[in-house]
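Because the structure is a prediction, the values reported are computed rather than measured. What you see below is based on every heavy atom in this structure, not just the backbone, and it leaves out hydrogens, waters and symmetry mates.
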Amino acid sequence: GAAWAAVGSNSSYYANGACDTSTGTCTCNGDYTGSDCSFKLGCTDPLATNYDPDASQNSGCTYASATVMPPTITFNMTLAVDYDSFLENANRTALLEILANAITL
């Protein structure tokens with residue numbers, strides 16, 4: 001354990017600080033607080049960017065801003081052509097135009 005300076009005439013020493021039991025005043029180390037310096041301040045939310053798994057008392061959390069992604073749109077197109085009708089009617093030019101227009105949609 002760490003050596004702590006006395007904080008009063010009736011000092012109690014803990015792993016993370018020292019407290020004067022007559023006044024209830026504690027001098028805690030680092031991010032620790034409480035009547036026996038056992039509460040570690042920090043963010044207790046695992047979803048936060050500053051999450052501290054050792055924190056036992058929440059002192060504020062920071063969250064990443066949400067990034068909105070545009071939706072992905074997928075088109076599937078099926079073109080059904082009655083080739084026999086076009087060939088019987090000698091309408092090859094019309095068939096080629098339909099196919100060209102379908103590809104550029």
Report the residues that fulfil side-chain contact (heavy atoms from CB on, under 4.5 Å) with T49, sequence neighbours left out, ordered by chain and then residue number.
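By the side-chain contact (heavy atoms from CB on, under 4.5 Å) rule, T49 matches T62, A64.
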Under the side-chain contact (heavy atoms from CB on, under 4.5 Å) rule, collect the residues that match up with N58, sequence neighbours excluded.
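Counting only residues at least two positions away or on another chain, N58 forms a side-chain contact (heavy atoms from CB on, under 4.5 Å) with T44, C61.
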List the residues meeting side chain to side chain donor-acceptor pair (under 3.5 Å) with N50, not counting sequence neighbours, and say none if there are none.
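Partners of N50 under the side chain to side chain donor-acceptor pair (under 3.5 Å) test: none.
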Holding to side chain to side chain donor-acceptor pair (under 3.5 Å), I want the full list of residues that pass it with Y51, two or more places apart in sequence or in another chain.
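Side chain to side chain donor-acceptor pair (under 3.5 Å) check on Y51 returns nothing, list empty.
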What residue pairs, at least two apart or across chains, pass salt bridge (charged side-chain N to carboxylate O under 4.0 Å, His left out) with a residue in residues 49-74?
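Qualifying pairs, neighbours excluded: K40-D52.
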Indicate every side-chain donor-acceptor pair of residues 31-39 with a distance under 3.5 Å to a residue at least two apart or in another chain.
{"residue": "D36", "atom": "OD1", "partner": "S38", "partner atom": "N", "Å": "3.2"}
{"residue": "D36", "atom": "OD1", "partner": "S38", "partner atom": "OG", "Å": "2.6"}

Distance check, rounded to the nearest 0.5 Å: S56 atom OG versus L41 atom CG?
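Interatomic distance, S56 OG to L41 CG, rounded to 0.5 Å: 7.5 Å.
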